[in-house]
J.: 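Attaching a single structure in structure tokens format; questions to follow.
Note that the numbering runs from 1 along the sequence shown for the chain. All ligand and atom numbering here is 1-based and tracks the order in the structure. In this text, all values refer to a predicted model and were calculated from it rather than measured experimentally. When reading the values below, keep in mind they use all heavy atoms of this one structure, side chains included, and skip hydrogens, waters and symmetry mates.
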Amino acid sequence: MSGETIWLFGLPCSGKTTLAEGLVGPSTVHLDGDYLRNTLNSDLGFSKEDRTENLRRAAGVAQALNDQGFDVVASFITPYRSQRELIAEKVEDVSFVHVDAPLEVCEERDVKGMYEQARNGEIEGFTGIDAPFEEPAEEGVELAVRTARRSEEESIKEINGELGFKFDPSHIFIGRWQPLHDGHRTIIDSAADNGKDVVIAIRDTELSEKNPLTAQERRELIEGVYEDHPNVETMIIPDVDTVAIGRDVGYSVVSVPEEVAEISGTETRKQYEKSELLAGQHLEK
Ligand SMILES: Nc1ncnc2c1ncn2[C@@H]1O[C@H](COP(=O)(O)OS(=O)(=O)O)[C@@H](OP(=O)(O)O)[C@H]1O
Ligand SMILES: Nc1ncnc2c1ncn2[C@@H]1O[C@H](COP(=O)(O)OP(=O)(O)O)[C@@H](O)[C@H]1O
């Protein structure tokens with residue numbers, strides 16, 4: 001299963017970093033121009049050639065992460081059409097979002113005071129002042145988000161609504177989850193925090209002493225715990241008593257490590273009232 005990339009581009013202070021931070025979750029990687037320029041790309045300046053090299057490397061990292069199942073949100077000025085076209089060639093599954101605010105608005109925001117420095121001649125070749133930003137006219141720009149007229153939350157919603165990362169599960173965890181406890185979470189998180197899309201299948205058991213929570217109650221508990229994980233979904237399934245497993249049929253079966261298996265649902269149920277379980281009070285993580 002490979003991941004995909006959302007590439008945010010636009011003028012300095014248009015809102016790329018702010019929106020990228022709102023789009024990333026625990027299994028999404030954020031590649032930011034400012035960050036990479038202080039690390040991997042600290043040898044590069046802001047000539048057209050250096051910007052292209054900066055973006056070529058960033059695109060390479062994005063594709064490597066996508067190949068390993070991670071989704072990527074990239075935020076770079078990416079000022080030239082030719083650079084956007086290069087990225088489209090290098091990153092197999094990329095969607096471009098133009099983070100669009102008029103120059104006056106960006107200059108007014110001037111988060112790091114760089115527009116002022118550029119106007120005073122202290123920085124040369126600053127995008128929007130004395131270096132170009134080519135407005136997107138090319139095909140392949142999926143969305144323009146106008147940040148001058150919208151709140152950050154609205155802009156994030158707009159991107160998620162249009163382009164939200166595909167849910168493409170590679171892991172299914174089948175259980176009763178009576179209740180979901182830290183042992184379960186350890187195994188689920190080991191996949192979910194590593195870029196995997198995960199389905200938690202909840203067996204629809206009859207209510208009993210061993211099964212105090214309805215399937216819907218467990219679903220709400222689990223969804224509350226994983227509310228910040230867009231890569232985790234739940235599904236209620238019949239109360240199956242057998243899972244037939246094939247051999248060499250395209251999936252692997254993984255056993256739970258001993259230290260995790262020792263965490264006991266029975267003990268948890270003894271120690272907590274139902275209302276405490278539903279409120280997640282038994283969860284430490
Ligand atoms: N001359 C010049 N022009 C534009 N930007 C400059 C310049 N010098 C330094 N900076 C800072 O570098 C950040 C942009 O880096 P990027 O890697 O996104 O730029 S590019 O895509 O390679 O054009 C940019 O950050 P953002 O404001 O977040 O876009 C600036 O803080
Ligand atoms: N709709 C919006 N989307 C994103 N940022 C916004 C929006 N409205 C106002 N802003 C503000 O604009 C500034 C953008 O800064 P930043 O995200 O660092 O831009 P960039 O990464 O493009 O240089 C932030 O101070 C942010 O709070």
J.: Specify side chain, backbone, both or neither for Ser14, according to which of its non-hydrogen atoms lie closer than 4.0 Å to ligand 2.
T.: both
J.: So for atom OH, which belongs to Tyr251, do other residues, nucleotides or ligands contribute more than 12 heavy atoms lying within a distance under 6.0 Å?
T.: yes
J.: Pair Asp32, Ser75 - check side-chain hydrogen bond (donor to acceptor under 3.5 Å, both in side chains), show working.
T.: CA-CA 5 Å; Asp32 187 66; Ser75 46; 2.5 Å; yes
J.: Is a side-chain donor or acceptor of Asp50 paired with a backbone partner of Gly45 at a separation under 3.5 angstrom?
T.: yes
J.: Could you list the atoms of ligand 1 found under 4.0 angstrom from a heavy atom of Pro12?
T.: 27 (O), 29 (O)
J.: Among all protein heavy atoms, pick out the one at the shortest distance from atom 2 (C) of ligand 1; state its residue, atom name and that distance to 0.1 Å.
T.: Phe126 CD1, 3.4 Å
J.: Of Tyr115, Tyr80, Phe46, which has the heavy atom at the shortest distance from atom 10 (N) of ligand 1?
T.: Phe46
J.: Is any N or O atom of Ile123, backbone or side chain, closer than 3.5 Å to an N or O atom of ligand 1?
T.: no
J.: Select one of side chain, backbone, both or neither to describe which atoms of Ala58 lie under 4.0 Å from any atom of ligand 1, heavy atoms only.
T.: neither
J.: Given Asn41, which partner from the list Arg51, Arg57, Glu53 fulfils the side chain to side chain donor-acceptor pair (under 3.5 Å) test?
T.: Arg57
J.: Return the minimal non-hydrogen interatomic distance between Ala118 and Ile129, and the atom names on each side.
T.: CB-CG1, 4.0 Å
J.: Of the non-hydrogen atoms in Pro179 and Arg269, which two are nearest, and what is the gap between them?
T.: CD-CG, 4.0 Å
J.: For atom 31 (O) of ligand 1, which of the options Lys112, Gln83, Glu124, Gln117 provides the nearest non-hydrogen atom?
T.: Lys112
J.: Taking only non-hydrogen atoms of Leu8, do any sit less than 4.0 angstrom from ligand 2?
T.: no
J.: Does the N or O separation between Ile77 and ligand 1 drop below 3.5 Å for any pair?
T.: yes
J.: For Asn54, counting its heavy atoms only, list the atoms of ligand 1 lying under 4.0 Å from any of them.
T.: 16 (P), 17 (O), 20 (S), 22 (O)
J.: Is it the side chain, the backbone, both or neither of Thr18 that has a heavy atom closer than 4.0 Å to ligand 2?
T.: both
J.: With heavy atoms of Leu11 as the reference, note each atom of ligand 2 found under 4.0 Å away.
T.: 22 (O)
J.: To check your reading of the model: name the closest protein heavy atom to atom 13 (C) of ligand 1, its residue, and the distance in Å.
T.: Asp34 OD1, 3.4 Å
J.: Please tell me if the side chains of Tyr226 and Leu180 come closer than 4.5 Å, counting only heavy atoms from C-beta onward.
T.: yes
J.: Heavy-atom contact check, 4.0 Å cutoff: does Ser75 meet ligand 2?
T.: no
J.: For Lys210, does its backbone N or O pair with a side-chain atom of Arg176 as donor and acceptor, under 3.5 Å?
T.: yes
J.: Show me which atoms of ligand 2 lie under 4.0 Å from any heavy atom of Cys13.
T.: 14 (C), 19 (O), 20 (P), 22 (O), 23 (O)
J.: Give the residue and atom name of whichever protein heavy atom lies nearest to atom 21 (O) of ligand 1, and the separation in Å to one decimal.
T.: Thr78 N, 2.9 Å
J.: For the residue pair Leu31 and Val72, establish whether any side-chain heavy-atom pair is separated by less than 4.5 Å.
T.: yes
J.: Tell me which one of Glu154, Lys112, Arg109, Glu152 gets a heavy atom nearest to atom 13 (C) of ligand 2.
T.: Arg109
J.: Could you check whether Glu267 pairs with Lys270 (Lys NZ or Arg NE/NH1/NH2 to Asp/Glu carboxylate O, under 4.0 Å)?
T.: yes
J.: Does ligand 2 have a heavy atom under 4.0 Å from the side chain of Asp34, from its backbone, from both, or from neither?
T.: neither
J.: When rounded to the nearest 0.5 angstrom, what is the spacing between CD in Gln178 and CG in Leu221?
T.: 10.0 Å
J.: Would you tell me which option among Lys16, Arg51, Lys48 has the nearest heavy-atom contact to atom 3 (N) of ligand 1?
T.: Arg51
J.: Yes or no: does Gly125 have any heavy atom under 4.0 Å from an atom of ligand 1?
T.: yes
J.: Under a 4.0 angstrom heavy-atom cut-off, which atoms of ligand 2 come close to Arg150?
T.: 1 (N), 2 (C), 8 (N)
J.: Could you work out, for atom 30 (C) of ligand 1, the closest of Arg109, Arg37, Met114 by heavy-atom distance?
T.: Met114
